[in-house]
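Remarks on the structure that follows.
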Amino acid sequence: MINTSTTDSKTSLNRKTPPTIIIIFGASGDLTARKLAPAIFNLSKDNLLPKKCFLIGYGRSAISDESFKNEIKEALDAHSRRKIEASTWNTLEKNLIFHAGAYDDLNSFLTLEKKISKIEKQIDCKAQCLFYVSTPPGVFMPILENLGESGLAKRHRGTETASKVIIEKPFGRNLQSAHELNQVINKRFDESQVFRIDHYLGKETVQSLLVQRFANSIFEPVWNRNYVSSVQITVSEDIGVGNRGGYYDKSGALRDMIQNHVMQLLALTAMEPPSSLDPESIRDEKVKALKALKPLAIEGESPDVVRASYAAGLVGGLPTKAYLDEEGIPQDSGTETYAAMRLYLDNWRWKGVPFYLRSGKRLAMKASEIVVQFTRPPAILFGQDSRLKVSPNLLVIRIQPNEGVTLYLNSKTPGLETKLQPIKLAFGYETTFGSDTPEAYERLILDALNGDGTLFIRGDEAEMSWGLLSPVLDYWDSQGRQGLESYASGTWGPLAADKLLLGSGHEWITGRSYD
Ligand code: BG6
């Protein structure tokens with residue numbers, strides 16, 4: 001639930017979560033160690049988990065409960081945002097269990113069912129199961145089918161302890177596979193039990209985007225084609241693919257970042273005000289915004305999309321490898337590590353306003369920003385004389401790092417001569433609220449435990465976003481490396497991405513010193 005107020009009786013924080021068994025598929029994976037285990041223990045530290053809470057790690061290689069506990073302990077030491085002291089560790093430690101099994105073997109799910117029933121006997125009450133599917137996407141289907149076939153999906157259905165399932169990204173590889181996944185989900189679960197995760201929606205700044213837009217009266221009147229000349233969304237990373245080459249090469253920037261994280265940021269920026277804060281109202285409005293997106297021009301003179309892959313370069317002063325030299329990447333790989341696009345929404349609010357999106361690895365810095373650029377005032381009083389240059393007003397919403405919001409306005413520089421200069425009105429989360437912010441996964445796991453789907457993606461949303469991007473992926477697949485641009489690591493991407501903005505009077509803003 002969007003944390004609009006600390007006293008809101010509807011927030012997850014105030015709900016009483018029933019006894020719970022969290023089952024993680026892919027328990028020995030990287031995500032469990034880096035994000036899921038730390039999130040669960042931080043929730044426990046804040047007393048946000050039910051008193052009766054168990055964690056079952058499900059994985060293919062058999063390990064003892066003891067080894068599983070050691071793995072989790074190491075993960076917490078390495079990745080938790082706060083120290084997990086003995087009292088928190090001891091509360092959950094005794095409830096950590098490992099279950100070995102294949103993902104496509106119904107028997108392993110039936111024995112899991114027995115373990116769950118045994119726990120219920122032990123605690124002498126019903127418990128809700130939260131299944132977290134955090135495996136490679138290739139086994140999502142058999143896991144979902146077996147949850148259905150074994151009866152685990154419909155345990156206690158219709159009660160407050162009904163089973164729930166969180167499904168990690170990527171949700172499908174294209175429109176068709178996302179549709180097939182949705183079909184299996186619909187066959188096996190009610191939509192109210194399903195939580196398609198996009199961890200960007202759990203980030204504090206993303207949650208507060210709706211508050212900024214709809215709890216302040218100064219933005220809404222100008223949030224449209226009459227006053228906004230463009231919107232830019234940049235999600236850049238300075239890291240390369242690291243040891244994830246095997247996954248990444250089958251994925252690429254469009255599938256890994258744009259289809260989910262970036263499109264969600266776009267939907268939240270562009271959507272109409274929802275009629276209430278309930279999950280369906282918000283998701284309905286996001287779907288409407290995505291529906292309004294015009295199909296992309298993929299080829300021809302001036303395509304709306306650009307893709308590129310990183311060459312060697314310098315990042316943070318250190319030499320880095322080209323994508324093709326990374327571990328596990330085939331020499332003829334046509335996978336993009338960078339994608340940029342120009343989009344238009346065909347609706348009343350946004351007609352004619354370009355939305356520029358870009359995301360890539362090995363760029364100059366890690367930065368996720370939404371930049372709303374406003375139209376210039378008429379050049380009557382200022383703007384005709386070069387000393388009186390009027391810069392466009394910008395609202396920069398910084399999602400990470402240095403979370404905050406900055407508004408750029410024109411001001412007169414002090415002195416006898418009249419000169420204009422853009423100045424910043426800046427708000428920083430850390431300066432105002434301190435740095436003790438929960439991680440996205442904490443918020444999202446807590447919301448799923450409480451059945452609140454506001455910050456999760458609905459099936460039709462996922463399909464809508466794939467519907468726009470699948471033709472691009474098909475075209476790129478058909479082209480291999482042809483048309484794949486290159487950029488030096490540590491830069492802001494290929495020159496071709498600047499062409500998307502050519503002649504529009506806009507330029508990419510994130511990463512540029514604007515003062
Ligand atoms: C993940 C992608 O979803 O998001 C990764 O698979 C990417 O490739 C990561 O590095 C970025 O997340 P964050 O929270 O660090 O911006």
Side-chain angles (χ1 to χ4, degrees), residues 2-6 200 203-236 265-266 268-271 273 349-350 353-356 358 364-383 385-437 492 501 505-515:
I2 292 185
N3 194 3
T4 46
S5 143
T6 46
Y200 266 59
K203 291 186 190 275
E204 199 64 45
T205 9
V206 176
Q207 291 174 57
S208 71
L209 188 54
L210 291 191
V211 179
Q212 268 164 47
R213 281 195 59 194
F214 303 125
N216 295 302
S217 56
I218 61 165
F219 295 122
E220 201 41 32
V222 294
W223 208 259
N224 57 49
R225 67 190 147 81
N226 297 325
Y227 297 97
V228 173
S229 71
S230 76
V231 177
Q232 294 186 11
I233 303 179
T234 295
V235 177
S236 67
L265 297 181
L266 178 146
L268 288 167
T269 309
M271 69 189 244
R349 183 185 289 265
W350 293 117
V353 178
F355 279 66
Y356 301 111
R358 62 177 172 167
M365 62 194 272
K366 181 170 176 73
S368 301
E369 272 185 2
I370 302 170
V371 181
V372 180
Q373 178 164 339
F374 293 93
T375 50
R376 287 170 198 270
I380 298 170
L381 303 177
F382 304 105
D385 176 332
S386 62
R387 285 167 313 145
L388 302 181
K389 188 170 168 277
V390 175
S391 305
N393 297 136
L394 301 175
L395 180 72
V396 179
I397 301 168
R398 173 59 85 101
I399 288 151
Q400 64 183 21
N402 309 326
E403 292 81 347
V405 181
T406 307
L407 181 63
Y408 287 83
L409 303 173
N410 289 296
S411 174
K412 179 187 167 306
T413 54
L416 299 179
E417 204 186 354
T418 302
K419 266 191 177 169
L420 301 192
Q421 184 182 310
I423 51 110
K424 303 183 203 176
L425 298 183
F427 149 71
Y429 269 73
E430 195 169 329
T431 326
T432 307
F433 298 121
S435 61
D436 195 19
T437 311
W492 277 102
L501 286 67
H506 300 118
E507 50 188 317
W508 292 109
I509 287 171
T510 297
R512 174 163 86 92
S513 163
Y514 193 71
D515 302 335

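In what follows, residues are counted from 1 in the order of the sequence shown.
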Under 3.5 Å donor-acceptor, Thr510 side chain and Thr234 backbone: no
Tyr227 atom OH, neighbour heavy-atom count above 12 within 6.0 Å: no
Point-to-point distance, once rounded to the nearest 0.5 Å, from CG of Leu407 to CG of Leu425: 5.0 Å
Donor-acceptor contact present, side-chain Asn224 to main-chain Asn226, <3.5 Å: yes
Where Ser391 and Pro422 come nearest, the two heavy atoms and their spacing: OG-CG, 3.6 Å
Salt bridge (Lys or Arg N to Asp or Glu O under 4.0 Å) between Glu403 and Arg398, worked out: CA-CA 5 Å; Glu403 292 81 347; Arg398 173 59 85 101; over 6 Å; no
Spacing of Glu369 atom CD and Thr205 atom OG1 [to the nearest 0.5 Å]: 11.0 Å
Polar side-chain atom of Lys424 near backbone of Phe427 as donor-acceptor pair, under 3.5 Å: no
Gln232 and Leu501, any side-chain heavy atoms less than 4.5 Å apart: yes
Nearest heavy atoms of Ala367 and Pro401, plus distance in Å: CA-CD, 4.1 Å
Side-chain touch Asn393/Tyr408, heavy atoms, less than 4.5 angstrom: no
Residues Ser208 and Tyr429: side-chain donor-acceptor under 3.5 angstrom: yes
Evaluation steps, side-chain contact (heavy atoms from CB on, under 4.5 Å), between Leu210 and Leu268: CA-CA 7 Å; Leu210 291 191; Leu268 288 167; 3.9 Å; yes
Salt bridge (Lys or Arg N to Asp or Glu O under 4.0 Å) evaluation trace for Glu220 with Arg349: CA-CA 11 Å; Glu220 201 41 32; Arg349 183 185 289 265; 2.8 Å; yes
Point-to-point distance, once rounded to the nearest 0.5 Å, from CE of Met271 to CZ of Phe214: 5.0 Å
Test item: Phe374 and Leu395 side chains (from C-beta on) under 4.5 Å apart, heavy atoms: yes
Step-by-step side-chain contact (heavy atoms from CB on, under 4.5 Å) determination, Tyr356 to Gln373: CA-CA 11 Å; Tyr356 301 111; Gln373 178 164 339; over 6 Å; no
Minimum heavy-atom distance Ser368-Tyr200, with the two atoms named: OG-OH, 3.5 Å
Side chain proximity check, Leu265 to Val235, heavy atoms < 4.5 angstrom: yes
Worked check of side-chain contact (heavy atoms from CB on, under 4.5 Å) between Val231 and Thr269: CA-CA 9 Å; Val231 177; Thr269 309; 4.2 Å; yes
Worked check of side-chain contact (heavy atoms from CB on, under 4.5 Å) between Lys366 and Ser236: CA-CA 5 Å; Lys366 181 170 176 73; Ser236 67; 5.6 Å; no
pair Leu209-Ile399: side-chain heavy atoms closer than 4.5 Å: no
Heavy-atom side-chain contact between Arg358 and Trp492 under 4.5 Å: yes
Backbone of Gln421 reached by a side-chain donor or acceptor of Thr413 within 3.5 Å: no
Where Ser411 and Ile423 come nearest, the two heavy atoms and their spacing: CB-CG1, 3.5 Å
Smallest separation among heavy atoms of Trp350 and Ala270, with atom names: NE1-O, 3.0 Å
Val405 side chain reached by Val396 side chain, heavy atoms, under 4.5 Å: no
Under the salt bridge (charged side-chain N to carboxylate O under 4.0 Å, His left out) test, residues paired with Glu507 that sit two or more places apart: Arg512
Exam field: side chain Arg213 to backbone Phe219, donor-acceptor pair closer than 3.5 Å: no
